[in-house]
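Scroll down for the structure; my scribbles are underneath it.
For ligands, and for the atoms within them, numbers begin at 1 and follow the listed sequence.
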Amino acid sequence: MTDPSPPLLELRNLTTVFPTRRGEVRAVDGVNLTLRKGQILGLVGESGCGKSTVLLSILGLISRPGRIAGGRILLEGRDITRLSGREMRRIRGKDIAMIFQDPLSTLNPAFLVGEQIRESLRLHNMMPGPPWPFDRGRKAREKKRVLEVMEQVGIPAADARYKAYPHEFSGGMQQRALIAIGLACRPKILLADEPTTALDVTIQAQIIDLMRRINQEHGTAIILVTHDLGLAAEFCDHLAVMYAGRIVEIGSTDEVIENPQHPYTMGLLRCIPTVGERRAIEPIPGNVPDLATLPQGCAFSPRCEYAREVCNQGFFRLQPVGTDGPAGGNGGHRARCLRLSDYRLPEG
Ligand SMILES: Nc1ncnc2c1ncn2[C@@H]1O[C@H](COP(=O)(O)OP(=O)(O)OP(=O)(O)O)[C@@H](O)[C@H]1O
Ligand SMILES: [Mg+2]
């Protein structure tokens, strides 16, 4: 199968570290990912495994003393890890938009919702015309586009709501407003970090529907970060499962869900409750490891039912395990586990 389009976004061996009192923490440790136009990639894993750090690294928002210690982030082939703050600001919002879990902390409570969406257009000069004060029609044009976007994200009575403050919106409407800010400039990529976690289930479904519609109508590629593997399985065409800063399994959603190969993915799947099925949920024993004191070898081995002594020594690469072809450029279904029979002992 030939790949349909060149990658929009590629992470190559991305490594992001935070110095802590107990030593350097590798929150993201050698992550490789490819995202193409129209793809929806789910990044899943328990709390603290590095999901948000991957997104913040892409946006150039890792604050000092944290830093990208290695690897490259290619946006349409151009490495963006070394861009200046100013160049990065141009990319954020224009090429890559981000929505977060808590919309109220992202919206500015002091400004009208409509004005905040309009600000996003102005910042990226989306409605160019003659310079002020000669361009008398600019405000009207911008407002028209804002109303268009508000309608697109399902904010009813957009005209009246343009002049509302964020606190006058419900949680679901606030999240829609945030998505509108993200979409105003027609970004190619939408990064969504737990965008529905703070919402009730019906609103959650509406927001997911909205993101799906944006993806289908505009080909916007999406990375959805969530700890909810059930949600990711429903929404995403590809899944990457992260554990302790590394991808432990990756592939098309069908392959990963129907034919999971890493014991951690299997464990996450056993935690998904199913409506109408009387089945005990089996939590994964133990806790996520402390990244400052990671064990040698496979970080999951202390919690793994299949662990053998050698799991604490080897370094395991992602191994091809499936039959689903190149999986949109992510190298097919692969998992990082000794059971998949390729490992090497540490050197020296
Ligand atoms: N600014 C920081 N300073 C120090 N350590 C950090 C910082 N940000 C993240 N970390 C560490 O990096 C690791 C990954 O954190 P991250 O927030 O990316 O996880 P996550 O998968 O998004 O978790 P959650 O599901 O809870 O949001 C954690 O161990 C965290 O403690
Ligand atoms: Mg997070």
Discussion item. Between the side chains of Arg145 and Glu142, is the shortest nitrogen-to-carboxylate-oxygen separation below 4.0 Å, so that they form an ion pair?
Written reply: no
Item to complete: Could you tell me whether Arg90 and Glu87 have a side-chain N and a carboxylate O separated by less than 4.0 Å?
Response: no
Using distance alone, decide if ligand 1 has a nitrogen or oxygen within less than 3.5 Å of any nitrogen or oxygen in [X].
{"X": "Ala27", "value": "no"}
{"X": "Gly50", "value": "yes"}
{"X": "Glu194", "value": "no"}

Worksheet item: Which residues pass the salt bridge (Lys or Arg N to Asp or Glu O under 4.0 Å) test with Glu24, sequence neighbours left out?
Response: Arg67
Discussion item. For Thr53, which part has a heavy atom under 4.0 Å from ligand 1: side chain, backbone, both, or neither?
Written reply: both
Discussion item. Return all protein N, O or S atoms below 2.8 Å from the Mg ion (ligand 2), chain by chain in residue order.
Written reply: Ser52 OG
Worksheet item: Should you measure from each heavy atom of Leu291, which atoms of ligand 1 turn up under 4.0 Å away?
Response: 13 (C), 29 (O)
Worksheet item: Counting only non-hydrogen atoms of the protein, does one fall under 4.0 Å from atom 8 (N) of ligand 1?
Response: yes
Worksheet item: Do you know which two heavy atoms are closest between Tyr165 and Pro109, and how far apart they sit?
Response: CD2-O, 3.7 Å
Worksheet item: What are the two closest heavy atoms between Leu231 and Thr226, and how far apart are they?
Response: CD2-OG1, 4.1 Å
Worksheet item: Which option out of Gly48, Pro19, Pro289 puts a heavy atom nearest to atom 28 (C) of ligand 1?
Response: Gly48
